[in-house]
Amino acid sequence: MRSSKKTLLLAMALLLTAFLAACGGNDNAEQSGEGEDNKQVLHLSNGDTIPTMDSSMATDEYAFQFLSATTEGLYRLGKDGEIKEGIAKTHEKSKDGLTWTFDLREDAVWSNGDPVTAHDFVYAWQRAVDPDTGSEYGPYMMSGVIKNATAISEGDMKPEKLGVEAVDDYTLKVTLENPAPYFESLTTFGTFLPLNEEFVKEQGDSYGTSSDTLLASGPFTLEDWESTSTSWTLKKNPDYWDADTVQLEKITFDVMKDPQSAVDLYNKGKLDRVNLTSDLVDMYRSEDEFSTVTEPVLTFIKFNQTEKESLQNVNIRKAISYAINKEAMVNEIMNNGAIAATGAVPKNFSFHPETGKDFREINGDMVSFDKEKALEYWEKGLKEIGKDSVELEFLSGDTETGKTINEYIQNQLQQNLPGLKVTLKQVPFEQQLDLTSNMNYDMAISSWGADYLDPYGWLNLWLTDGGNNETGYSNSEYDQLVQSSVTDLAQQPVKRFEALLEAEKIVFEDAVIAPLYQQGKAQLTNPDLKGVIRNDFGAEYEYKWAYME
């Protein structure tokens, strides 16, 4: 999933903006804590606006965060990634792993009173994969997974042929293209949320652009929001099937980008959690309210290989990848729990099915800072393209902390690669998403967070013509290895894992990306805030079980 990360991941994010958009203040936030009688009110900040609340069109971590809070899928994530009941109470899986039948609850309703049924899932999934919808994540998440999704997304088959069927109102049958070991966790992700067909069609192009054009079926409803809003509120949904579990009555959000202002508001009791930038970490490190965490979100530079001759050259790309001192970046500039990234799959995320050894430990460091090696590749690449200098534009986010990181990367590249001129293009998050989606960049900083608990979710990013590739990269050997993990090797865990290990090696033989860091967060959190779950994939935070003590 894209993160502010294109987790995200993108990540998703999960691009640099979300991680680096540490909190800042505004007048709304100053007033948000005043006059509250109910203690079950939480005050938070958000790194940027929410681009959309249409689950078919969402690609970024902000959208998926609030979709998760307001809409119930088949399942949702509990503590430590445990799969919890959602609209589905139970399911059965066929012996060949291809047919999944979900038994749905009958007490779930939309906020307009309509029941949530199997038909809502059928409509949502068909809509997401229909090329006429223009969804990015529908084809990305479903192709090769749900039967006929690939053919439908390519326009060769009608959406009605997708392998999803409402056997009756409360029985959903899903047929997979190939066995997917991660499918249960996949159903917790935002693209697989249900949609009320009649309501969506009634709203037309306006659907998902404001609170008035949304329905809720989850723990909270989204209030006072439009796509350009810089503040909004989540309110407890009284019609939620499990409303008795939800203790928070309201969560307020304000878009804030200035770290010091956010900390000032936190110290005044106006915010209940803030992210700290490196210059603030040492000041608060000894406080009981301070914590750091390293997250399974990777930030990297990706290269547009379709335009500039220089970036079509593998040695130029390798030179850039080796030229950045990432250890200094995470330790001296970020100082927040982030670690230098050396591969395409994060540390402490995926483990060998027999030995339990970490994917990252097995493959080791694919690329680390090496000034001499960077210069060697650089000189070789320049010779191959017949030039002695190169000019490149570097697309990134526009937060204050982000600018510091961007300038550091610019300086490292220009200092360590003689003849390279890097021009920074720093834009708001939504514009950054648009530019990268349309391949309108040279180099772009990007982040990706897991969509489900499997390394395939990281390595399918670079498949030929993949929905989130956005680099122009293509390698048939790589494609075969990655695709085999969800076809021939889908039910052979060890061989499947080894195929993905080999695929990652190709990513760096071809220098598809230049890894920067695995994200970390340093935070101050109100000690009265309890029960918030931090997820390793999908929506970063789960507030269903949260409360103020």
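Because only heavy atoms are used, hydrogens play no part in the values below, and waters and symmetry mates are left out as well, while side chains stay in. Fair warning: this is a prediction, and the values are worked out from it, not measured in the lab.
- Residues Gln518 and Ala341 approach most closely at N-CB, 3.9 Å, considering heavy atoms.
- Phe497 and Ile362 make their closest contact through CE2-CD1, 3.8 Å (heavy atoms, listed as atom of the first residue, atom of the second, distance).
- Under a 3.5 Å cut-off, the side chain of Thr213 and the backbone N or O of Ser206 do form a donor-acceptor pair.
- Ser485 places a side-chain N or O within donor-acceptor distance of the main-chain N or O of Val482, the cut-off being under 3.5 Å.
- The OG1 atom of Thr188 sits 4.0 Å away from the CG atom of Leu77 when rounded to the nearest 0.5 Å.
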Review point. After noting the C-alpha distance and the side-chain angles of Val367 and Lys326, does the key distance pass the side chain to side chain contact (heavy atoms under 4.5 Å, CB included) rule?
Key: CA-CA 11 Å; Val367 57; Lys326 297 175 287 191; 4.3 Å; yes
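- Taking every heavy atom of both residues into account, Trp458 and Ala344 meet most closely at CB-O, 3.5 Å.
- Counting heavy atoms from C-beta on, the side chains of Tyr207 and Asp54 come closer than 4.5 Å.
- Minimum interatomic distance between Ala499 and Ser484 (heavy atoms only, all atoms of both residues): CB-OG, 3.9 Å.
- Within 6.0 Å of CG in Asp205 there are 12 or fewer heavy atoms belonging to other residues, nucleotides or ligands.
- Under a 4.0 Å N-O distance rule, the pair Asp156/Lys161 does not qualify as a salt bridge.
- Between Met142 and Ile152, the closest side-chain pair of non-hydrogen atoms is not below 4.5 Å.
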Point to revise | Chi angles and distances behind the salt bridge (charged side-chain N to carboxylate O under 4.0 Å, His left out) call for Glu376, Lys373 | key: CA-CA 5 Å; Glu376 179 183 335; Lys373 188 175 288 187; over 6 Å; no
Exercise for review: List the steps and the verdict of side chain to side chain contact (heavy atoms under 4.5 Å, CB included) for Phe394 and Ile301.
Suggested key: CA-CA 9 Å; Phe394 182 38; Ile301 297 172; 4.1 Å; yes
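- Here the side chain of Asp358 pairs a donor or acceptor atom with the backbone of Arg360 at under 3.5 angstrom.
- A donor-acceptor pair is defined here as one N or O able to donate and one able to accept, closer than 3.5 Å; no such pair exists between the side chain of Glu61 and the backbone of Glu540.
- Between the Glu393 side chain and the Leu424 main chain, no donor and acceptor come within less than 3.5 Å of each other.
- Ile146 places a side-chain heavy atom less than 4.5 Å from the side chain of Leu176.
- Rounded to the nearest 0.5 Å, atoms CZ (Arg127) and OG1 (Thr191) are 11.5 Å apart.
- Side-chain contact between Ile409 and Ile445: present, with at least one pair of heavy atoms (C-beta onward) separated by less than 4.5 Å.
- Under the side-chain hydrogen bond (donor to acceptor under 3.5 Å, both in side chains) test applied with Arg496, the options Asp488, Thr487, Asp454 reduce to a single match, Asp454.
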Review point. So Tyr408 and Asn325, side chain to side chain donor-acceptor pair (under 3.5 Å) or not? Walk me through it.
Key: CA-CA 10 Å; Tyr408 172 82; Asn325 188 336; 4.6 Å; no
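- Between Trp125 and Phe192, the ring-plane angle classifies as perpendicular under the 30° and 60° cut-offs.
- Among Lys308, Lys421, Arg317, Lys425, the one residue that satisfies the salt bridge (Lys or Arg N to Asp or Glu O under 4.0 Å) test with Asp442 is Lys308.
- For the atom pair CG (Leu298) and NZ (Lys347), the distance works out to 12.5 Å, reported to the nearest 0.5 Å.
- Summarising the geometry, atom OH belonging to Tyr322 is positioned 13.5 Å from atom CG belonging to Leu417; distances are rounded to the nearest 0.5 Å.
- Scanning all heavy atoms of the two residues, the minimum distance from Arg273 to Tyr541 falls at NH2-CE1, 3.5 Å.
- A donor atom on one side chain and an acceptor atom on the other are found under 3.5 Å apart for Asp279 and Thr277.
- Phe183 and Val145 get closest at one heavy-atom pair: CD1-CG1, 4.1 Å.
- In this structure, the side chain of Glu384 does not engage the main chain of Ile316 through any donor-acceptor pair within 3.5 Å.
- Atoms CG and OH, from Leu461 and Tyr456 in turn, are 10.0 Å apart once rounded to the nearest 0.5 Å.
- Side-chain polar atoms of Ser278 and Asn335 form no donor-acceptor pair below 3.5 angstrom.
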Review point. Stepwise, does the side chain to side chain contact (heavy atoms under 4.5 Å, CB included) test hold for Ile324 with Leu413?
Key: CA-CA 7 Å; Ile324 302 167; Leu413 293 178; 3.8 Å; yes
**Study point:** Trp232 and Val255: CA distance, side-chain angles, deciding distance, side chain to side chain contact (heavy atoms under 4.5 Å, CB included) verdict
**Key:** CA-CA 9 Å; Trp232 56 86; Val255 172; 3.7 Å; yes
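- Distance alone, capped at 3.5 Å, is enough to place a donor-acceptor pair between the Thr471 side chain and the Tyr473 backbone.
- Contact of the Gln412 side chain with the Met329 side chain is not registered, since no non-hydrogen atoms from C-beta on lie closer than 4.5 Å.
- No side-chain donor-acceptor contact under 3.5 Å links Asn468 and Tyr137.
- Remark: side-chain polar atoms of Thr436 are paired, donor with acceptor, to backbone N or O of Leu433 under 3.5 angstrom.
- Panel note: side chain Lys318, backbone Gly381; no donor-acceptor pair is recorded below 3.5 Å.
- Annotation: side chain of Met53 is in contact with side chain of Leu67 (closest heavy-atom distance under 4.5 Å).
- You'll find the ring centres of Phe66 and Trp225 outside the 6.0 Å limit.
- Val263 places none of its side-chain heavy atoms less than 4.5 Å from the side chain of Met283.
- One finds the CG atom of Leu392 at 10.0 Å from the CD atom of Gln414 (value rounded to the nearest 0.5 Å).
- Under a 3.5 Å cut-off, the side chain of Thr299 and the backbone N or O of Leu516 do not form any donor-acceptor pair.
- Crowding of Asn438 atom CG: a count of heavy atoms from other residues, nucleotides or ligands under 6.0 Å exceeding 12.
- In this structure the side chain of Tyr62 never reaches within 4.5 angstrom of the side chain of Thr49, judged on heavy atoms.
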